[in-house]
Amino acid sequence: MATVPSLYRRVLPSPPAVDFTSPDGKRLFAEALEGGTMEGFFSLASCFQTQSEPAFCGLASLAVVLNALAIDPGRRWKGPWRWFDESMLDCCKPLDKVKAQGITFGKVACLAHCSGADVQPFRANQITVDDLRRHLIRCTSCRDCHLIASYHRKPLKQTGTGHFSPIGGYHAGQDMALILDVACFKYPPHWVPLPLLWEAMNTIDESTRLVRGFMLISRHNAAPSALYTVSCRDESWKSMAKYCVEDLPDLLKAESLGNVRTILSRFIDSLPANAGSFIKWVVKVRRKEDEGSCLSKEKERLSVKENVLQQVRDTKLFMIVHDLQCAHIQCCNGSSSSEDSVTRIVASVCSQGAAMLSGKLASSDGFCCRETRFKGKGVQANGGGPNTVISGSVVSEGNEQGVDMPPLSMSPCNSNMGNEIIKYPSSTDVLTVLLLALHPSTWFSIMDEKLKGEFQTLVSTDNLPDVLKQEIIHLRRQLYYLKACKDEEI
């Protein structure tokens with residue numbers, strides 16, 4: 001079989017590009033630096049990396065930008081170090097598929113959001129070159145915002161097709177942008193005329209039939225959520241999104257809905273069969289770190305998390321959902337009355353928790369719990385007693401890792417609602433929060449006006465404590481944004 005000839009870089013087509021390291025490139029850099037539109041360059045340069053696969057340009061661009069913004073990934077890269085790497089950016093599309101097919105504009109925006117950044121995406125056919133220039137000047141004049149361009153190489157007379165790269169600076173006098181090409185093995189960093197870059201952005205991605213563009217990535221101004229978050233890593237996201245946006249409003253049009261409990265029962269009983277796979281991503285669960293207690297590094301956050309959980313359980317909605325679960329699941333004697341949706345959710349969350357906590361997030365199919373036991377040991381917060389966690393060993397691909405995880409909704413009816421020290425969410429908590437996080441328009445389909453008003457009052461966020469209200473708003477925003485990203489609607 002014939003072998004593919006090896007290549008060492010390409011000659012940069014100039015014009016239109018100007019090599020960053022050439023005399024003209026250095027002059028443009030010095031003048032732009034003097035003009036104040038190179039503020040983000042040094043943080044990008046200090047974290048810059050070459051894409052590790054020919055199709056990883058989107059992942060490499062995002063990893064560079066996330067590290068330049070000093071966003072903590074919240075999980076280890078190698079050894080004890082937390083650092084964004086292409087291999088960690090797999091929540092919106094499996095890495096093997098990215099390696100084979102590349103990644104789309106919407107998926108990169110989705111990844112940025114899932115990784116804790118604030119994202120503003122712009123399609124080129126929805127803006128003008130003047131809009132691009134204005135955003136670029138603002139972004140390159142500060143240190144807390146970076147621009148990733150999605151463009152076709154052909155207008156720049158370069159070989160190849162669609163590509164992603166961060167923009168490192170802007171020269172106002174020459175109206176040129178500095179592309180920090182993450183395919184360093186192919187082209188060096190180079191300056192290009194901004195109108196030409198916009199033309200390269202204003203091209204069709206054949207895989208989506210949508211126009212390319214650019215996105216502004218920055219740090220969140222608001223603090224991250226204390227407990228509840230969502231990811232579109234699991235494909236159950238699609239069925240859950242369809243259920244909440246399309247199916248549920250249709251179910252609510254039925255004339256047989258006599259009261260609030262009937263509506264909630266209809267909601268729970270009609271959940272998709274794979275709802276548990278989605279719900280395990282809605283709630284953020286802590287995982288064991290290093291040698292110490294799995295909670296030893298989060299003492300300062302325990303109080304906030306406990307408050308959020310208690311505030312959820314103080315709502316009238318939680319009490320109704322809790323009672324409905326107890327009616328469906330005879331947990332007091334250890335048997336279930338039926339294999340309903342709630343039962344599936346509980347079983348799914350508990351069985352898949354070990355895979356999630358072990359850090360092997362792509363799939364739980366290959367996991368087995370070699371040993372599982374209860375232990376009453378954990379961090380004490382505000383003088384409280386020890387919390388109970390499930391400790392076990394997870395085996396995956398021949399490797400064994402100890403994990404500690406909370407007993408998620410093992411027996412919702414056994415809860416002592418008045419005296420229990422709450423540190424972890426149950427399935428009742430998660431279902432309650434999901435109901436609160438659904439868009440208010442979801443309930444407009446209820447035909448009976450009096451019942452509609454009663455239910456809207458029940459799920460309203462108006463009178464919630466501020467901390468819980470912010471959690472709900474955060475989750476609602478994530479639900480909307482991740483659906484839009486995944487459906488390439490941004």
Side-chain angles (χ1 to χ4, degrees), residues 40 44 47-69 71 73 84-127 132 135-136 139 145-153 160-168 177 179-183 197-198 200-220 230-233 237 362 478 480-490:
L44 289 170
C47 302
F48 197 75
Q49 65 184 64
T50 304
Q51 61 190 81
S52 60
E53 295 285 345
F56 274 14
C57 56
L59 303 186
S61 297
L62 186 56
V64 170
V65 167
L66 293 171
N67 288 325
L69 290 169
I71 295 177
F84 277 106
D85 180 73
E86 296 159 312
S87 61
M88 299 165 64
L89 300 174
D90 62 347
C91 79
C92 295
K93 188 173 183 178
L95 291 178
D96 58 341
K97 291 187 178 180
V98 179
K99 184 177 179 179
Q101 305 167 2
I103 194 167
T104 63
F105 183 86
K107 293 293 193 300
V108 173
C110 172
L111 280 170
H113 186 85
C114 287
S115 301
D118 190 26
V119 190
Q120 290 182 275
F122 299 90
R123 298 279 183 178
N125 61 338
Q126 300 171 347
I127 61 168
L132 170 60
H135 286 298
L136 183 56
C139 203
C145 175
H146 296 292
L147 188 150
I148 293 179
S150 171
Y151 60 99
H152 198 289
R153 287 191 181 275
T161 55
H163 192 54
F164 290 91
S165 280
I167 303 301
I179 297 178
L180 299 180
D181 199 325
V182 290
L197 177 58
W198 181 80
M201 291 178 180
N202 198 18
T203 53
I204 299 292
D205 181 348
E206 294 298 330
S207 65
T208 62
R209 303 303 304 169
L210 296 173
V211 175
R212 297 179 173 88
F214 66 93
M215 59 191 77
L216 304 180
I217 313 291
S218 58
R219 294 177 63 93
H220 276 304
V230 70
S231 168
C232 61
R233 183 191 303 274
W237 167 262
Q478 281 193 306
Y480 170 80
Y481 188 87
L482 292 183
K483 180 183 182 298
C485 288
K486 198 167 183 64
D487 294 344
E488 298 285 346
E489 293 176 353
I490 57 173

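Values below: every heavy atom of this structure, side chains too, minus hydrogens, waters and symmetry copies.
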Asker: So, does Q51 use its side chain to make a donor-acceptor pair with the main chain of E53 at under 3.5 Å?
Answerer: yes
Asker: Report the distance from atom CD1 of I103 to atom CG of L111, rounding to the nearest 0.5 Å.
Answerer: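 Interatomic distance, I103 CD1 to L111 CG, rounded to 0.5 Å: 4.5 Å.
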Asker: For a side chain to side chain contact (heavy atoms under 4.5 Å, CB included) check, start with the C-alpha distance between V64 and L180, then their side-chain angles and the critical distance, and finish with the verdict.
Answerer: CA-CA 10 Å; V64 170; L180 299 180; over 6 Å; no
Asker: Does D90 reach the side chain of V98, with side-chain heavy atoms less than 4.5 Å apart?
Answerer: no
Asker: What I want to find out is whether D205 reaches R123 closely enough, with some N-O distance under 4.0 Å, to be called a salt bridge.
Answerer: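 Not counted as a salt bridge, because no side-chain N and carboxylate O are separated by less than 4.0 Å.
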Asker: Kindly compute the distance separating CG (L59) from NZ (K93), expressed to the nearest 0.5 Å.
Answerer: 9.5 Å
Asker: Look at the rings of H163 and Y151 and say which category their plane angle falls in: under 30° parallel, 30 to 60° tilted, over 60° perpendicular.
Answerer: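 Perpendicular: the ring planes of H163 and Y151 meet at over 60°.
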Asker: After noting the C-alpha distance and the side-chain angles of T161 and H152, does the key distance pass the side chain to side chain contact (heavy atoms under 4.5 Å, CB included) rule?
Answerer: CA-CA 5 Å; T161 55; H152 198 289; 3.8 Å; yes
Asker: How long is the span from the CD1 atom in I167 to the CD1 atom in I148, to the nearest 0.5 Å?
Answerer: 9.5 Å
Asker: Side chain to side chain contact (heavy atoms under 4.5 Å, CB included) for K99 and E86? Distances and angles first, verdict last.
Answerer: CA-CA 11 Å; K99 184 177 179 179; E86 296 159 312; over 6 Å; no
Asker: Going from NE2 on H135 to SG on C145, what distance comes out if it is rounded to the nearest 0.5 angstrom?
Answerer: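 Here the rounded value is 9.5 Å.
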Asker: Does the side chain of S115 come within less than 4.5 Å of L89's, by heavy atoms?
Answerer: yes
Asker: Would you please classify the geometry between the F214 ring and the F122 ring as parallel, tilted or perpendicular, with 30° and 60° separating the classes?
Answerer: parallel
Asker: Determine the minimum heavy-atom distance between T104 and S207, stating which atoms define it.
Answerer: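 Looking at all heavy atoms of both residues, the shortest contact is CG2-OG, 3.8 Å.
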Asker: Working to the nearest 0.5 angstrom, can you tell me the gap between M215 CE and F164 CZ?
Answerer: 5.5 Å
Asker: So which atom in G58 and which in V108 form the shortest heavy-atom distance, rounded to 0.1 Å?
Answerer: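 G58 and V108 have their closest heavy atoms at CA-CG2, 4.2 Å.
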Asker: I'd like to know whether V182 forms a side chain to side chain contact (heavy atoms under 4.5 Å, CB included) with T50, so could you lay out the CA-CA distance, the side-chain angles of the two residues, the decisive distance to 0.1 Å, and finally the verdict.
Answerer: CA-CA 5 Å; V182 290; T50 304; over 6 Å; no
Asker: Q49 and F84: which non-hydrogen atoms are nearest, and at how many Å?
Answerer: OE1-O, 4.4 Å
Asker: To the nearest 0.5 angstrom, please state how far the CG atom of L66 sits from the OG atom of S61.
Answerer: 10.5 Å
